[in-house]
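Below is one structure; the comments refer to it alone.
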Amino acid sequence: MTAGERDDSPQPTSSTALFKAGVVACLPTILGYWSIGFASGAIGKVAGFSPLDVTLLSGLLYAGSAQFLFYSLYAAGAGVLGIVAGVLLINLRHILMSSYMAMYFARSTALQKFIGGSLLTDETFAVAAQYGNRHGDLPFAWLLGLNVTAWLNWIVANLCGALLATALPESLVQGLGFSLVSMFIALLLMTWLASRQRMLELA
């Protein structure tokens with residue numbers, strides 16, 4: 001099947017089967033969530049947050065680049081307004097992703113749209129967009145299975161990273177402080193490049 005061609009093969013119809021199919025679709029992205037989430041948890045501990053704080057933040061904010069930026073700005077002594085503005089700015093790309101996915105949410109309820117959009121990440125967006133392009137539809141149960149699997153793995157990966165950083169010698173943890181500065185610079189470059197690429201893809 002060529003790119004962009006509609007897949008007319010039979011798809012699961014029950015909510016349970018669709019949810020399981022979404023979980024399976026998420027599996028290839030798990031390694032990415034663990035590698036970045038593990039680093040995010042460790043950086044959070046370096047920035048002075050407890051494993052519980054890191055876990056709660058990863059579940060509520062649920063955005064790798066935004067969490068790295070949050071830790072960097074917090075460690076630099078930025079105020080609340082500065083941190084909030086930075087997080088909002090780096091997440092502006094979600095407006096583009098949500099706008100693109102809106103065509104597949106036409107038959108969804110307002111609550112389903114909110115849940116589906118709030119748990120959308122760069123990785124799940126790519127998987128969901130590919131599914132929508134193939135089948136012309138994006139069942140909520142399938143998207144929920146995809147998003148919940150990614151969300152839970154992200155939280156656990158952050159917790160594991162924070163716990164590992166807790167077990168490291170204090171001298172080594174303090175020596176890792178440079179990572180906050182380098183991560184902040186990298187985030188600025190990555191956000192700029194990603195926004196330009198996203199605009200080209202959706203043009």
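Every value quoted in this text rests on a predicted model; they were computed, and no experiment measured them. Side chains included, hydrogens not; waters and symmetry mates left out as well; all remaining heavy atoms used.
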Quiz prompt | Worked check of side-chain contact (heavy atoms from CB on, under 4.5 Å) between Val54 and Leu159 | solution = CA-CA 7 Å; Val54 169; Leu159 174 60; over 6 Å; no

Self-check item: Cluster check Leu56, Leu73: I/L/V/M/F/W/Y, side chain < 4.5 angstrom
Solution: no

Quiz prompt | Cluster check Ile90, Tyr74: I/L/V/M/F/W/Y, side chain < 4.5 angstrom | solution = yes

Self-check item: side-chain contact (heavy atoms from CB on, under 4.5 Å) partners of Leu81, counting only residues at least two apart
Solution: none

Quiz item: Sequence neighbours excluded, which residues qualify as side-chain hydrogen bond (donor to acceptor under 3.5 Å, both in side chains) partners of Ser50?
Solution: Asp53

Quiz item: Is Cys26 close to Val127 at the side-chain level, that is, under 4.5 Å between some pair of heavy atoms?
Solution: no

Exercise. Without swapping roles, check the side chain of Ser58 against the backbone of Thr55 for a donor-acceptor pair under 3.5 Å.
Key: yes

Quiz item: Should Leu18 and Ser14 be marked as a side-chain contact (heavy atoms from CB on, under 4.5 Å) after you check the CA-CA gap, both sets of side-chain angles, and the distance that decides it?
Solution: CA-CA 6 Å; Leu18 284 168; Ser14 70; over 6 Å; no

Practice problem: Under the ring-ring contact (aromatic ring centres under 6.0 Å, His included) rule, collect the residues that match up with Phe70, sequence neighbours excluded. | Solution: Phe49

Self-check item: side-chain contact (heavy atoms from CB on, under 4.5 Å) partners for Leu31, two or more places apart
Solution: none

Quiz item: Who are the side-chain contact (heavy atoms from CB on, under 4.5 Å) partners of Thr109, not counting sequence neighbours?
Solution: Leu111, Gln112

Quiz item: Going through the distances and angles, do Tyr131 and Leu143 end up as a side-chain contact (heavy atoms from CB on, under 4.5 Å)?
Solution: CA-CA 10 Å; Tyr131 183 97; Leu143 183 63; over 6 Å; no

Side-chain donor-acceptor pairs of residues 144-151 under 3.5 Å, sequence neighbours excluded:
{"from": "Asn147", "atom 1": "OD1", "to": "Thr124", "atom 2": "OG1", "distance (Å)": "3.4"}
{"from": "Asn147", "atom 1": "ND2", "to": "Gly116", "atom 2": "O", "distance (Å)": "3.4"}
{"from": "Thr149", "atom 1": "OG1", "to": "Gly145", "atom 2": "O", "distance (Å)": "2.7"}
{"from": "Trp151", "atom 1": "NE1", "to": "Gly59", "atom 2": "O", "distance (Å)": "3.0"}

Self-check item: Between CH2 on residue Trp142 and NE2 on residue His135, distance to nearest 0.5 Å
Solution: 8.0 Å

Exercise. Supply the atom-to-atom distance Met101 CE to Leu120 CG, rounded to the nearest 0.5 angstrom.
Key: 6.0 Å

Quiz item: Which residues satisfy the side-chain hydrogen bond (donor to acceptor under 3.5 Å, both in side chains) test with Tyr104, sequence neighbours excluded?
Solution: Asn133

Self-check item: pair Val23-Phe19: side-chain heavy atoms closer than 4.5 Å
Solution: yes

Quiz item: Which residue pairs pass the salt bridge (Lys or Arg N to Asp or Glu O under 4.0 Å) test when at least one of the two sits in residues 100-111, sequence neighbours left out?
Solution: Arg107-Asp137

Exercise. Any chance you could pull the hydrophobic cluster mates of Leu164, using side-chain heavy atoms under 4.5 angstrom and chaining through other members?
Key: Phe38

Exercise. Would you name the heavy atoms of Ser15 and Ala141 that are closest together and state the gap between them?
Key: O-CB, 3.5 Å

Quiz item: Leu88: which other cluster members, linking ILVMFWY side chains closer than 4.5 Å, directly or transitively?
Solution: Val80, Val84

Quiz item: Do you see a donor-acceptor pair shorter than 3.5 Å between the side chains of Tyr62 and Ser118?
Solution: no

Quiz item: Considering only heavy atoms from C-beta outward, does the side chain of Cys160 approach that of Trp34 to under 4.5 Å?
Solution: yes

Self-check item: From Met97 atom CE to Asp122 atom CG, the distance as rounded to the nearest 0.5 Å
Solution: 4.5 Å

Quiz item: Can you get from Ile43 to Val87 by hopping between Ile, Leu, Val, Met, Phe, Trp and Tyr side chains that sit under 4.5 Å apart?
Solution: yes

Quiz item: Which atoms form the tightest heavy-atom contact between Pro51 and Ala162, and what is the distance?
Solution: CA-CB, 3.9 Å

Quiz item: Sequence neighbours excluded, which residues qualify as side-chain hydrogen bond (donor to acceptor under 3.5 Å, both in side chains) partners of Ser40?
Solution: Gln67, Asn158

Quiz item: Atom OH in Tyr71, atom CD1 in Ile83: separation rounded to 0.5 Å?
Solution: 11.5 Å

Quiz prompt | Hydrophobic cluster identity match, Phe125 and Leu138, side-chain contacts under 4.5 Å | solution = yes

Exercise. Sequence neighbours left out, what passes side-chain contact (heavy atoms from CB on, under 4.5 Å) with Lys113? Give chain and number order.
Key: Phe105, Ser108

Quiz item: Roughly how far, to the nearest 0.5 Å, is OG of Ser98 from CD1 of Ile95?
Solution: 8.0 Å

Quiz item: Is it true that Leu61 and Leu152 fall in one hydrophobic cluster, defined by side-chain heavy atoms closer than 4.5 Å?
Solution: yes

